[in-house]
Amino acid sequence: MNRMPATPPPLPPQAFPPARKGPGLGAKIAMIVVQCVVLFIATLIVWGLTYDRQSSVNAVADRIASEWGGEVNIKGPIVYPVSGDTASVVATTMRCAVKVNSRTLHRGIYEAEVYDAEVAMSGSFDGDMLSSFGQEARVEIEVPARKIYDIEPFEIEGRKVEWRRRGDMLSATISTEGLAAEARFSTSFRIHGSGRLEVAQIGENTFVTMEGEASNPSFVGASLPDDRAVTDRAFSAQWESEGVNAATVNRLTLIPEEEADETAEAEALPDTAWTDDDYVEVVEIYGNEIPSVGAQFLVGVDRYRKVSRSLKYAFIIIVLTFISLLFTEVITRRQIPLLNYFLIGAALVMFYLLLLSFVEFASFGAAYFVAASMTVLLIGIYMWRMLASIRGGLTISSILVLIYSCCYVMLCLGRYALVLGSLILFASLAAAMWASLKLRR
Amino acid sequence: MHTFDGQSVPPVPPAARPPRHTTAWLGIQTLVIAVFAGIMALIANGISSYGAERQSMGLLSETSNVMLSDSAGYCFALISITLISLTLIEVAFRKHINYLQYALIGCALGLFYLLLLAMAEFMPFWCAYCIVTLMTAGLITLFVRGITANAKAVTLTAAILAAEYAVILVLIYIGSLALLIGSLLLFVIIALAMYFTLRMRQTAEGELIIK
């Protein structure tokens, strides 16, 4: 400052220091991280939208399905005396074969999965016990009777008796005369329903089989199937329960809980060695809660679930894209302004919004393909124009294509998704390391 | 800057001001707008839940309430698109809009929902919507006119606001197709924004200009 130059130095060409070429790399990365957080919040908003759509669509689907037929629980057959229903007899053997035909009901953009089940019941009763009720006895099957079609009469020992519908019940009066010790019975019907389909294991030995087609069955009830096979669309399952003491079942079924204690005290139980404790326990199990087994079917569409699952990868996609943009910036020595980063990130979030809106009109795969190609094209063209090099655009596009196809594969793989995902992350880390080594040379 | 004592002080060109519209400024601007739009979206959400309360008091009809909450769902997009297009207008016309003015415009856009709620209690929803849109768009247009004093900028602002509000009204009324059309429109808007950033050039001083 003290030394005066002999001649004043030439003026700088500008009156103010030339603009810095944007923030430094560190500051830029920090800003990009902030952007990532903002974009992640945007993704959460899309997730919330997906959830909203799913619940509103499922509400409509439930309404459509309930008009077709609701949950079905088949409980029976049980034989009562003609008057009164405290004493009852259940089958010694009960076979119930259910064939589920699922179908889709459409209403506008809404659809509901319902089923039409063919139920065939057969088995045998202890004829002597039925005769103890007198000349006649009443057979009942508890089932939503309004939605029953093609009903076959109840056939016992070759005698056919027509069913009568009584509220949520099928009822028939049979004659007990001349029944063999093992009185065979059979009946069948079709029933409309949706959601859940259960069969009560009401009998000494029960064999329940269920087969058919449904997009996503899950087995529910007191026990899981002993034998099951689930393929892409078809499923079959089988439950067996046997070895329940006939006398116990016959005496204890369908005793209301409040009566259970009285009965326990009143009855002396001369012929069994059961203690009172055992007795009450059995009443609790069989008195009100007859174990049922069955399957649960999805009523609404499950494509939204795929969208929300794919949203899990949004963060990774955004981060990987930004990293490749950063490398592009460093390699090509061209500034990419933060606003451009943000727009590319916004386009990546937009992908999910597009996916969500397309999935309502097309299958998930088609929607994914269209939305991904729109996004990749947009970002590819943008990079091409921005970097003024078609190579840069193509590189980014191919990286994006790779990321999106990996995500799609991960969505479809299910079990192997984690392995594949972590391998892809490892590979991209390696690629990033390799690229950063190339920078120094 | 280097100063010189003595006689030979060169005349500094009076027009030289440090550039305002730099890339760094644009980045910060975008972030600030995004955060601000997020906050306003939360407020709009609050207003729409207040609408539900008014409905339970029997002051607001149910359809109006549903439409109000539907329109509040577009708050984030509306505010961020409006403010970002104002930013682009600022760059294109070489004007200066400061943060307070941005905030005021954002508040006007947020107040829209409260006005809409208040008006919808007395008239059908579309009627209230049109009146409140006229009020809000008119206010903002006048404000932009005061700030920029540029007829083209004012027309552009008015056109953008009118288009946004018209699209939102249509989206509210078409129901199940709204998501599809809305997301496609957003895609187009992002493409447009990308186009504008490509049209932007930097001068030697770092000042951004839109060609």
Side-chain angles (χ1 to χ4, degrees), chain A residues 1 4-5 7-9 11-23 27-28 31 34-35 38-39 41-42 45-46 49 52-53 57 108-110 335-344 346-347 349-358 360-361 371 374-375 378-379 381-382 385-386, chain B residues 1-10 12-19 22-31 33-35 38 41 73 76-77 80 84 87 175-184 186-191 193-200 202-208:
Chain A
M1 272 305 194
M4 280 273 288
T7 51
L11 262 181
Q14 287 143 352
F16 45 84
R20 283 199 303 118
K21 278 282 173 201
K28 189 154 196 172
M31 298 292 276
V34 174
Q35 279 194 1
V38 171
L39 289 169
I41 294 170
I45 293 170
V46 177
L49 199 60
D52 274 4
R53 297 295 280 197
V57 165
I109 66 161
Y110 302 106
Q335 284 274 326
I336 300 179
L338 281 165
L339 181 63
N340 299 16
Y341 273 90
F342 186 74
L343 285 175
I344 290 172
V349 176
M350 268 305 299
F351 162 76
Y352 291 100
L353 201 56
L354 288 174
L355 180 64
L356 173 63
S357 56
F358 290 161
E360 294 182 347
F361 299 94
M374 280 172 77
T375 312
L378 180 71
I379 294 176
I381 292 174
Y382 188 43
R385 304 305 305 168
M386 195 199 319
Chain B
M1 247 214 286
H2 207 280
T3 51
F4 307 100
D5 325 55
Q7 59 280 60
S8 56
V9 176
V12 175
R17 277 184 300 128
T22 58
T23 29
W25 166 81
L26 197 55
I28 294 168
Q29 184 84 2
T30 321
L31 275 184
I33 287 174
V35 171
F76 182 82
S80 49
I84 292 215
T87 308
S176 64
L177 276 176
L179 184 67
L180 181 69
I181 293 175
S183 55
L184 285 175
L186 260 185
F187 186 79
V188 170
I189 285 167
I190 287 179
M194 287 180 165
Y195 172 74
F196 275 113
T197 58
L198 290 178
R199 289 269 303 268
M200 255 184 233
Q202 234 175 334
T203 59
E205 299 90 49
E207 180 88 10
L208 289 175

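Per chain, numbering begins at 1; letters A, B, ... match sequence-line order.
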Practice task
Among B:Leu198, B:Ile181, B:Thr30, single out the residue with the greatest number of heavy-atom pairs under 4.5 Å to chain A.
Solution key: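 Of the options given, most contacts go to B:Leu198.
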
Exercise for the section: Any chance you could lay out the side chain to side chain contact (heavy atoms under 4.5 Å, CB included) test for B:Ile28 and A:Met31, step after step, and finish with the verdict? Expected result: CA-CA 9 Å; B:Ile28 294 168; A:Met31 298 292 276; 4.1 Å; yes

When rounded to the nearest 0.5 angstrom, what is the spacing between [atom1] in [X] and [atom2] in [Y]?
X: A:Leu354; Y: B:Leu180; atom1: CG; atom2: CG; result: 8.5 Å
X: A:Leu343; Y: B:Thr197; atom1: CG; atom2: OG1; result: 5.5 Å
X: B:Leu179; Y: A:Glu360; atom1: CG; atom2: CD; result: 5.5 Å

Does any heavy atom of chain A fall under 4.5 Å from the side chain of [X], the backbone, both, or neither of them?
X: B:Leu184; answer: both
X: B:Leu186; answer: both
X: B:Ala34; answer: side chain

Practice task
Sort A:Met386 into side chain, backbone, both or neither according to what part of it lies under 4.5 angstrom from a heavy atom of chain B.
Solution key: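 Answer is both: backbone and side chain atoms of A:Met386 are under 4.5 Å from chain B.
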
Practice task
Against chain B, label A:Ile41 side chain, backbone, both or neither, depending on which of its atoms sit under 4.5 Å from a heavy atom there.
Solution key: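 A:Ile41 has no heavy atom closer than 4.5 Å to chain B.
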
Is there a side-chain contact between [X] and [Y], using heavy atoms and a 4.5 Å cut-off?
X: A:Ile381; Y: B:Met194; result: no
X: B:Phe187; Y: A:Leu353; result: no
X: A:Phe342; Y: B:Leu26; result: no

Handout entry: Heavy-atom closest contact (A:Ala347 atom, B:Ile190 atom, distance)
Key =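 Where A:Ala347 meets B:Ile190 most closely, the heavy atoms are N-CD1, 4.0 Å.
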
